[in-house]
Amino acid sequence: MIEKLISFSLRNRYLVITIASGLFIWGWFSIQRNPVDAIPDLSENQVIVSTEWMGRSPQLIEDQVTYPLVSNFQGIPKIKNIRGTSMFGMSFVYIVFDDNVDLYWARTRVFERLNYAQRLLPQGVTPSLGPDGTGVGHVFWYTLDAKKMPLGDQRALQDWYIKFALQTVPGVSEVASFGGFEKQYQLIVDPVKLQYYNVSLMDVMNKVRANNNDVGGRKFEMSDMSYIIRGLGYVKSIADLQSIAVGNYNGIPVRVKDVASVQMGGDLRLGIVDQNGTGEVVGGIVVMRYGENADQVIKAVKIKMADVQKGLPDGVTFKTAYDRSTLIEATLKTIKGKLLEEIIMVCLVVLIFLFHWRSALSIIIQLPITIAISFILLDAFGLSSNLMSLTGIALAIGVVVDNGIIMSENSYRNLSVWQNKPEDEHK
């Protein structure tokens, strides 16, 4: 079989050159298209379902949220494993699929089952899917350098302006905010006043919830004019909250300000974010979508941050906390340098030992073609160009030329034997 293949290649040299050139061009385009990262993403093919039910104990979360969800997800096809974690006020369910399952197909199946599992959960508890990224997808961290701005205002700026802008970058799955204070209206209720006005705490909660809403009316015609009537009830200030009626005392409305004090405060925090011991900071984590090109995503995020910077208040700037592109560039530079060194050394060794440039060229030309074909396979299997894959190519450089050297030496030996035969035997 090998002899026939060699004979066919020798008789059809132009066809072999055409195929090799086509593979090299295909490999070149695969190199341009192949995702670039510093490290391979070896995380499991999983979908995360998170559920928030604040104020409940881990045991209650386990019994009423985690267990019903885990039991329901067991019927999804192509599942390898399901893990559930319950903590104070939070539940996480990790559905691990087979490695050959498409991630977005898996997310669709989980989402379909969530619609059915919703009826098994307590009222007001809504599970949600996690981002379509992995732990390796944390490619860029940034903080806000705003010494004169309060932490609450920094967090509001991050949550309502910067985060939404960066999430529009192609390849970004999520921008997770951290640090600072999440602003909220806080009602500090006086139990003595509640008892005096005969108003329960549940009445206060229900009235505040009901009044923080817009309501629709209908069209009203008067003097050949049509008016659309609607009620505007969204709370926009502390004064709006204070004026909400929560009860009735001897025909006089009892308002929130009569039974409670209203203030602007921060949500409950379980920790703080400090940068290099200089104080608290606010920032965000850019999570890359699974399978994207990390290097391109980071570059696109930096371009978007430059545009967002124009709309920030005076004195507020971005400060990079973690940038994987530095590691990616250093990795690629090192691997490219080693590849080039190995190719040059192999070429020199082949030229010195064979001492015949045509034979050496037939061997050396295998190197770029083989590397190009390697990237075709990387692209076909969805693997990125990273430290592991490129190092494997570098280690195989010496092996690539072995067969060419052996074939050349064997050809020399056969030619030598043939030339040393008597002339009558040549026929």
Side-chain angles (χ1 to χ4, degrees), residues 26 29-52 65-86 90-121 125-140 163-164 166-176 285-298 300-301 324 374-386 388-389:
W26 186 6
F29 283 107
S30 297
I31 292 173
Q32 305 302 317
R33 189 172 57 248
N34 192 246
V36 178
D37 204 342
I39 52 178
D41 191 349
L42 303 178
S43 56
E44 293 181 307
N45 191 11
Q46 67 178 2
V47 178
I48 303 174
V49 177
S50 61
T51 310
E52 185 175 345
V65 178
T66 306
Y67 178 76
L69 288 177
V70 171
S71 302
N72 232 270
F73 290 147
Q74 288 177 346
I76 300 177
K78 300 182 180 180
I79 282 184
K80 184 190 299 183
N81 198 0
I82 301 179
R83 308 186 188 102
T85 302
S86 302
M90 293 290 293
S91 167
F92 293 95
V93 179
Y94 304 88
I95 306 102
V96 183
F97 287 83
D98 294 335
D99 294 336
N100 60 347
V101 174
D102 179 71
L103 177 64
Y104 294 99
W105 181 90
R107 291 175 65 86
T108 303
R109 299 284 83 77
V110 173
F111 186 74
E112 289 176 353
R113 191 56 66 94
L114 270 182
N115 294 331
Y116 176 77
Q118 179 69 48
R119 64 184 182 85
L120 304 175
L121 302 180
V125 177
T126 305
S128 60
L129 293 181
D132 51 345
T134 64
V136 185
H138 293 200
V139 295
F140 192 83
K163 176 181 177 179
F164 293 152
L166 296 183
Q167 284 182 164
T168 62
V169 176
V172 173
S173 173
E174 182 188 32
V175 178
I285 303 171
V286 178
V287 182
M288 180 186 68
R289 188 169 286 114
Y290 178 78
E292 292 289 338
N293 192 324
D295 193 42
Q296 291 183 0
V297 170
I298 295 172
V301 167
R324 191 184 293 174
S374 301
F375 277 94
I376 294 174
L377 296 176
L378 286 176
D379 191 50
F381 286 102
L383 302 175
S384 64
S385 300
N386 53 67
M388 300 292 289
S389 58

Exercise. Indicate the atoms forming the closest heavy-atom contact of Pro35 with Asn293, along with that distance.
Key: CA-ND2, 3.5 Å

Exercise. To the nearest 0.5 angstrom, please state how far the CD atom of Gln74 sits from the CD1 atom of Ile95.
Key: 11.0 Å

Self-check item: Residue pair Phe111, Val47: steps toward the side-chain contact (heavy atoms from CB on, under 4.5 Å) verdict
Solution: CA-CA 10 Å; Phe111 186 74; Val47 178; over 6 Å; no

Practice problem: Please say whether more than 12 non-hydrogen atoms of neighbouring residues, nucleotides or ligands are located less than 6.0 Å from CZ in Phe164. | Solution: yes

Quiz item: How long is the span from the OG1 atom in Thr85 to the OH atom in Tyr94, to the nearest 0.5 Å?
Solution: 5.0 Å

Self-check item: Heavy-atom side-chain proximity of Phe140 to Val297 below 4.5 angstrom
Solution: no

Quiz prompt | Heavy-atom side-chain proximity of Val172 to Leu166 below 4.5 angstrom | solution = no

Quiz item: From Phe375 CZ over to Ser385 OG, what is the distance, rounded to the nearest 0.5 angstrom?
Solution: 4.0 Å

Quiz item: Can you find a heavy atom in the side chain of Leu103 that is under 4.5 Å from one in the side chain of Asn45?
Solution: yes

Quiz item: Which atoms form the tightest heavy-atom contact between Thr134 and Val287, and what is the distance?
Solution: O-CG1, 4.4 Å

Quiz prompt | Heavy-atom closest contact (Asp37 atom, Ser384 atom, distance) | solution = CB-OG, 4.3 Å

Exercise. Report the distance from atom CG of Asn72 to atom OH of Tyr67, rounding to the nearest 0.5 Å.
Key: 11.0 Å

Self-check item: Distance-minimising heavy-atom pair for Ala294 and Val139
Solution: CB-CG1, 4.2 Å

Exercise. State, without any angle test, whether Asp132 and Tyr104 hold a side-chain donor-acceptor pair at a distance under 3.5 Å.
Key: yes

Quiz item: Which heavy-atom pair separates Ile79 from Phe73 by the least distance, and what is that distance?
Solution: CD1-O, 3.2 Å

Quiz prompt | From CG (Asp295) to CE (Met288), nearest 0.5 Å | solution = 10.5 Å

Quiz prompt | Close side-chain approach of Leu129 and Leu114, heavy atoms under 4.5 Å | solution = yes

Self-check item: Heavy-atom pair of closest approach, residues Thr66 and Gly84
Solution: CG2-CA, 3.9 Å

Quiz item: Are Arg324 and Val286 close enough that some pair of their side-chain heavy atoms sits under 4.5 Å apart?
Solution: no

Quiz item: OG of Ser91 to CD of Glu52: how many Å apart, nearest 0.5 Å?
Solution: 11.5 Å

Quiz item: Taking only residues at least two apart or on different chains, which pairs with a member in residues 66-80 satisfy salt bridge (charged side-chain N to carboxylate O under 4.0 Å, His left out)?
Solution: Lys80-Asp99

Practice problem: Using side chain to side chain donor-acceptor pair (under 3.5 Å) as the criterion, list what pairs up with Arg107, not counting sequence neighbours. | Solution: none

Quiz item: Heavy-atom distance under 4.5 Å between the side chains of Leu121 and Pro68, does that happen here?
Solution: yes

